[in-house]
Amino acid sequence: MQPPLITLTTDFGSDSHYVAQMKGVILGICPNARVVDITHRVAPQDIAQAAWILRQVLASFPADTCHVAVVDPGVGTSRSIVLARIAAQFFVAPDNGLLWPLAQQSAPEWIRQLTRREFWALNPTPTFHGRDIMAPVAAHLGQGVSPAELGALVSQLVPLAAEGPRRTDQGLEGRVVFVDAFGNLITNIDARSLDTLRSPIHVHLPRQGITCHGLVSTYGQRAAGELVALIGSTQQLEIAVVQGNASQRLGVELGDPVQVRD
Amino acid sequence: MQPPLITLTTDFGSDSHYVAQMKGVILGICPNARVVDITHRVAPQDIAQAAWILRQVLASFPADTCHVAVVDPGVGTSRSIVLARIAAQFFVAPDNGLLWPLAQQSAPEWIRQLTRREFWALNPTPTFHGRDIMAPVAAHLGQGVSPAELGALVSQLVPLAAEGPRRTDQGLEGRVVFVDAFGNLITNIDARSLDTLRSPIHVHLPRQGITCHGLVSTYGQRAAGELVALIGSTQQLEIAVVQGNASQRLGVELGDPVQVRD
Amino acid sequence: MQPPLITLTTDFGSDSHYVAQMKGVILGICPNARVVDITHRVAPQDIAQAAWILRQVLASFPADTCHVAVVDPGVGTSRSIVLARIAAQFFVAPDNGLLWPLAQQSAPEWIRQLTRREFWALNPTPTFHGRDIMAPVAAHLGQGVSPAELGALVSQLVPLAAEGPRRTDQGLEGRVVFVDAFGNLITNIDARSLDTLRSPIHVHLPRQGITCHGLVSTYGQRAAGELVALIGSTQQLEIAVVQGNASQRLGVELGDPVQVRD
């Protein structure tokens with residue numbers, strides 16, 4: 001049997017000692033856990049972005065990985081915290097919509113509400129449930145505590161307002177959901193939804209008044225400096241400048257609309 | 001017996017290859033060590049901030065964790081390097097005041113000055129004792145070398161100029177010692193010192209001319225956008241804007257004064 | 001036998017979920033791997049900087065460490081990917097010049113071109129070979145797959161345009177290759193090449209019109225605020241302001257020229 005693999009996704013900011021506290025708690029309970037950071041620079045309290053990132057990374061992790069996601073604007077209120085089994089992996093997160101997009105993609109095997117305080121920190125603070133409830137629960141799960149011990153089954157997750165692209169008269173309209181370190185613009189329009197359009201497609205940025213014709217299969221097919229659209233490694237539509245920074249050059253920001261037409 | 005747990009706290013900047021070198025040295029000597037980053041964005045050469053961060057994270061780590069802290073403006077001069085046992089954990093740091101606040105909180109079981117060169121890199125450079133002395137010593141300790149082998153006992157640590165809040169005619173005056181990724185303002189005024197004041201208290205930012213009345217117990221008790229004061233997860237007074245960024249909105253920076261009155 | 005040690009160096013940006021995907025892939029194949037980040041803030045597509053960083057950290061890692069370096073502007077084109085054995089360590093990188101400076105310093109024991117698709121992801125995307133080819137190959141190597149299984153020998157690496165300092169009539173001319181978190185300016189002029197000059201040497205920044213006379217052996221030899229030149233922990237010439245930020249104070253940037261005269 002493998003040592004437990006636990007990942008952390010938060011909006012605490014890169015290189016934060018808040019994250020270190022979660023790791024200390026995990027390793028204190030489950031000394032042989034392997035802990036991997038997904039990212040800690042989720043935009044503050046941006047539940048949809050955290051959900052989007054989890055969906056991107058899921059396929060790269062082995063079965064039974066436990067993903068702890070702490071984007072939790074309602075910490076200390078009556079929102080509950082859940083442990084869910086989705087796509088053969090575990091997820092611990094506030095029940096605030098964060099797990100909803102994942103659950104739409106792959107139906108949860110089960111969802112449990114965390115209620116068993118004997119698996120939490122002794123006196124959980126009202127402002128840091130990531131450290132005081134979610135980290136210890138993930139660690140106890142890693143130590144072999146059965147999910148049934150951690151809380152009772154619930155039937156539903158809190159939904160998140162729809163985040164996918166919407167169909168328009170002319171094609172699809174989505175938005176930029178992530179700008180990576182290269183300035184590539186990753187959209188919420190996935191490869192499958194493009195299949196409904198006739199080739200060649202045209203990718204349009206209405207706010208900037210820029211259109212990109214056709215898709216390339218890799219950056220290297222075009223010369224440095226050219227604007228291209230392609231299906232990226234996440235199977236989503238991306239807009240990029242070959243060996244350049246599309247976000248800076250086009251003045252595009254997170255959330256800007258993207259239209260696709262055939 | 002658990003594999004050794006070693007943490008790193010430095011002012012080398014996030015994602016620095018200087019930190020990676022320390023990890024390479026540690027794992028070369030102690031292959032089964034678990035290495036956890038506390039943070040590497042301590043303000044450059046800010047010994048007091050490093051000390052404050054170590055105090056925050058301490059309680060989240062299990063007994064016998066070895067914390068290596070490298071904020072070392074005097075590297076290469078005659079300042080010594082110490083290994084101390086405090087609160088059932090180990091600390092390796094330059095003896096420049098960094099461990100003083102911890103030692104005030106919990107009396108050291110012992111303090112040793114690192115002198116035994118056979119546990120250092122072969123030819124320590126004069127500019128990177130973190131990699132060449134502190135990392136190898138922590139790793140040898142993890143491998144089971146006895147503390148007594150690493151250097152002789154000393155009786156005292158170099159003190160750090162007082163950092164706690166001071167008592168005034170009207171209450172307490174402290175300062176902002178950390179601004180987190182959400183813009184929350186964490187002060188050096190701890191919950192216990194507030195017990196000497198009558199409720200309700202008033203938290204005043206003299207530089208900004210802003211006062212916040214009373215304490216809430218969690219962000220969720222007030223509407224988005226409201227300014228609140230509360231005891232945070234570190235048991236210290238924090239000032240926050242619910243679902244907003246207090247640092248940006250109020251124009252408060254690290255070091256700004258904070259007054260509490262009853 | 002030790003668990004495999006795998007390092008990651010990329011230009012994906014700090015705290016990126018792209019890096020997390022590589023870790024997930026590695027741990028899925030090689031569950032007991034220890035994964036260490038060197039840095040992920042290599043300047044975008046700056047192959048020379050990645051090469052320089054790998055050279056800095058090499059000596060701090062134990063024999064048989066496998067370094068995966070993904071700075072890959074030609075991803076998806078016909079550039080090949082190599083596994084090389086250099087200085088008793090393994091390197092996995094695109095064959096785009098990244099490993100050339102290392103190979104100049106220490107002749108490769110062997111170089112293999114990665115061609116055996118059974119050790120890659122099932123359907124490698126054309127845009128993320130770090131995750132789909134390099135990470136799985138490093139993990140299979142860690143699991144004990146023989147290098148000969150991963151691809152056939154090749155005799156040469158693709159060269160990188162010369163990066164060392166050049167000899168001038170008056171001494172040496174190099175450039176600033178790294179600015180660290182303290183604002184220290186690290187040059188590509190190594191200690192050995194300075195041995196050909198008579199002491200005392202003079203370090204000149206032609207763009208800023210500033211000259212620094214002589215070398216100190218450590219920062220602490222001069223007062224706070226003084227400009228000093230010294231041989232840093234990487235055995236390369238550095239320019240620093242004692243307890244200050246040389247980059248900001250002098251207005252020096254990555255790539256700026258540095259001259260040394262006797």
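Residue numbers begin at 1 in each chain, while the letters A, B, ... track the order of the sequences.
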Would you say B/Leu122 has more than 12 foreign heavy atoms packed within less than 6.0 Å of its CG? no
Side chain, backbone, both or neither of C/Ile38 within contact of chain B (heavy atoms, under 4.5 Å): both
Should the heavy atoms of other residues, nucleotides or ligands under 6.0 Å from CD of B/Gln156 be counted, would the total exceed 12? no
Which atom of C/Pro62 lies closest to which atom of B/Gly28, heavy atoms considered: CG-CA, 3.8 Å
Which atoms of C/Leu58 come close to chain B, meaning under 4.5 Å heavy atom to heavy atom: side chain ones, backbone ones, both, or neither? neither
What part of B/Val75 gets within 4.5 angstrom of chain C, counting heavy atoms only: side chain, backbone, both, or neither? both
Looking at B/Pro73, B/Gly74, B/Pro126, which has the largest count of heavy-atom pairs under 4.5 Å with chain C? B/Pro126
Name of the residue among B/Leu27, B/Ile26, B/Val35, B/Val19 meeting side-chain contact (heavy atoms from CB on, under 4.5 Å) with C/Val36: B/Leu27
Nearest atoms (heavy-atom pairs only) where C/Phe61 meets B/Gly24: CE2-CA, 3.4 Å
Between chain C and chain B, which donor-acceptor atom pairs come closer than 3.5 Å, counting both backbone and side-chain atoms?
residue	atom	partner	partner atom	Å
B/Ser14	O	C/Arg41	NE	2.9
B/Ser14	O	C/Arg41	NH2	3.0
B/Asp15	O	C/Thr39	OG1	2.6
B/Asp15	OD1	C/His40	N	3.2
B/Asp15	OD2	C/Ser14	OG	2.7
B/Asp15	OD2	C/His40	N	3.0
B/Asp15	OD2	C/Arg41	N	3.4
B/Tyr18	OH	C/Asp180	OD2	2.8
B/Val25	N	C/Ser60	O	3.1
B/Pro31	O	C/Arg34	NH1	2.7
B/Val75	O	C/Thr218	OG1	3.2
B/Pro126	O	C/Thr218	OG1	3.4
B/Thr127	OG1	C/Ser233	N	3.3
B/Arg131	NH2	C/Ser233	O	3.2

Of the backbone (N, CA, C, O) and the side chain (C-beta and beyond), which part of C/Val57 lies under 4.5 Å from a heavy atom of chain B, both, or neither? both
